[in-house]
Amino acid sequence: MNSTPYGTHQGEATLDRISWLKLSSVVLPLATPVSDAKVLTGRQTPMTEVAFLFVEVGTEQGYEGVGFSYSKRAGGPGQFAHAKEIAPVLIGEDPSDIARIWTKLVWAGASVGRSGLATQAVAAFDIALWDLKAKRAGLPLAKLLGAHRDSVRCYNTSGGFLHAPIEQVLENATASLAGGIGGIKIKVGQPDGKADLRRVTAVREHLGDDVPLMVDANQQWDRPTAQRMGRALEEFGLVWIEEPLDAYDAQGHASLAASLDTPVASGEMLASVAEHQELLRHHAVDVIQPDAPRIGGITQFLRLAALAEIQHVHLAPHFAMEIHLHLAAAYPHEPWVEHFDWLEPLFNERLRISDGRMHLSSRPGLGITLSEQARAWTQAVHEVGARP
């Protein structure tokens with residue numbers, strides 16, 4: 001028996017062990033540089049690529065899983081470097097003991113903390129282990145977790161960025177709805193608030209009153225501006241106003257949410273459950289938007305979802321629809337999933353969308369396999385252990 005520092009051991013119930021890991025650093029180029037309000041206010045440059053950390057895990061019994069984390073603009077090489085350092089501690093572990101493995105990985109890199117880049121590197125391992133566990137059970141991940149539904153409402157974001165002229169945004173919205181997507185989100189938060197209102201007016205008039213519409217300010221308003229813009233946006237019947245304030249301004253979000261009829265959403269930029277807890281503690285959001293790869297993986301996402309459900313907060317996970325479809329399907333209150341087609345070249349499979357909803361497939365696990373294009377975009381690989 002293999003003892004651990006926590007006094008647990010592997011006995012008769014341990015039927016398999018992790019024997020092999022492959023880490024891949026993959027850079028996905030974007031066809032068009034992407035700009036939101038952070039670019040227009042001078043805080044960032046247009047985004048031209050997304051860096052991914054993929055983890056493939058294999059066991060002595062021949063089971064495999066795949067997971068990923070990602071970074072925009074900066075951090076990709078750092079995630080890969082941290083993952084290389086902590087990966088060896090997984091060899092010999094029971095892949096079913098995911099929560100314990102998450103803790104072991106965090107302690108392996110404890111000096112860099114439990115949020116941010118380090119936790120995002122851990123997320124790729126965690127997601128791969130959940131994928132493996134569901135595959136071993138022969139179930140889609142949502143069914144392993146316990147689904148409340150087999151499809152989830154979905155909305156498109158990628159067609160509404162600020163680099164696109166309004167005519168293109170309207171065309172993109174029409175195409176999204178024709179493709180079966182149920183709602184449209186556009187970016188706001190420009191230095192000129194009147195320009196934002198003109199943009200929202202044009203989209204609402206184009207869509208009509210019945211199509212769900214969201215806006216996202218990407219943290220670019222201060223409290224007075226958010227209050228003024230929030231009041232001006234009330235007439236458009238928005239599903240939510242997203243990131244109106246700095247992501248860590250829980251008190252500001254709480255005051256805004258209490259003063260507006262339009263729901264307030266935030267959370268995508270937070271990098272731990274503890275940071276999201278501040279939003280919940282202050283009753284700062286009507287819609288919480290965690291990102292599993294950013295907060296440490298599926299294990300942490302489930303912890304946060306339980307806390308949010310207790311407060312009857314709605315859920316709309318950020319980005320990575322290939323993961324978040326499963327997690328949203330397992331959330332008790334009817335959620336939303338964000339549709340981005342950016343990641344499609346990385347995988348051989350496609351998600352089915354119709355009637356405003358994204359549908360679970362019968363494929364086990366996450367239901368994704370890496371494409372040849374993903375392999376071609378791979379910039380570095382590191383393997384630990386031996387593949388069976």
Would you name the heavy atoms of Leu53 and Ala83 that are closest together and state the gap between them?
CD2-CB, 3.7 Å

Looking at Asn156 and Ser176, would you say the former's side chain and the latter's main chain have a donor-acceptor pair under 3.5 Å?
no

Whether the Arg43 and Gln220 side chains hold a donor-acceptor pair (N or O, under 3.5 Å, no angle test) is what I'd like checked.
yes

Honestly curious: do Ile98 and Leu23 fall in one hydrophobic cluster under the side-chain, below-4.5 Å linking rule?
yes

Check whether the side chains of Gln300 and Trp102 place a donor and an acceptor atom closer than 3.5 Å, and report yes or no.
no

Going by the angle between their ring planes, with limits at 30° and 60°, are Phe347 and Phe68 parallel, tilted or perpendicular?
tilted

Honestly curious: do Ile186 and Trp240 fall in one hydrophobic cluster under the side-chain, below-4.5 Å linking rule?
no

Between Lys133 and Ser96 (side chain of the first, backbone of the second, donor and acceptor by atom type, cut-off under 3.5 Å), is there such a pair?
yes

Side-chain donor-acceptor pair present, Thr299, Asp126, cut-off under 3.5 Å:
yes

Do you know which of Met358, His339, Arg357, Arg153 makes side chain to side chain contact (heavy atoms under 4.5 Å, CB included) with Ile181?
His339

Asp210 atom CG, neighbour heavy-atom count above 12 within 6.0 Å:
no

side-chain contact (heavy atoms from CB on, under 4.5 Å) between Leu144 and Trp130: does it pass, once the steps are laid out?
CA-CA 9 Å; Leu144 180 74; Trp130 279 103; 4.2 Å; yes

Check: Thr262/Glu234 side-chain N/O donor and acceptor closer than 3.5 Å:
yes

Aromatic ring pairing Tyr70/His318, orientation class (parallel under 30°, perpendicular over 60°, tilted between):
tilted

Just wondering, are more than 12 heavy atoms of other shown residues or ligands nearer than 6.0 Å to CZ in Arg303?
no

Could you check whether Lys187 pairs with Asp196 (Lys NZ or Arg NE/NH1/NH2 to Asp/Glu carboxylate O, under 4.0 Å)?
no

Any Lys/Arg nitrogen of Lys185 or Glu338 sitting under 4.0 Å from an Asp/Glu carboxylate oxygen of the other?
yes

For the residue pair Ser71 and Gln120, confirm or rule out a side-chain donor-acceptor distance under 3.5 Å.
no

Do NZ/NE/NH1/NH2 and the carboxylate oxygens of Arg100 and Glu93 come within less than 4.0 Å?
yes

Looking at Glu56 and Arg375, does any basic side-chain N land under 4.0 Å from a carboxylate oxygen?
yes

Please check if Val106 and Phe80 belong to a single hydrophobic cluster, counting links between Ile, Leu, Val, Met, Phe, Trp and Tyr side chain heavy atoms closer than 4.5 Å.
yes

Output field: ring centroids His333/His312 closer than 6.0 Å
yes

Would you please classify the geometry between the Phe54 ring and the Phe52 ring as parallel, tilted or perpendicular, with 30° and 60° separating the classes?
parallel

Please report the C-alpha distance between Phe301 and His324 in whole Å, then the side-chain angles of each, then the deciding distance to 0.1 Å, and finally whether the ring pair (Phe, Tyr, Trp, His ring centres under 6.0 Å) criterion is met.
CA-CA 10 Å; Phe301 190 102; His324 291 134; 5.7 Å; yes

Would you call Glu235-Arg204 a salt bridge at under 4.0 Å N-O?
no

Side-chain H-bond candidate by donor/acceptor type, Thr174 with His206, under 3.5 Å:
yes

Just wondering, more than 12 heavy atoms not from Gln251 lying within 6.0 Å of its CD?
no

Verify salt bridge (charged side-chain N to carboxylate O under 4.0 Å, His left out) between Glu344 and Arg350, making sure each step is shown before the conclusion.
CA-CA 7 Å; Glu344 288 184 349; Arg350 296 291 178 269; 3.7 Å; yes

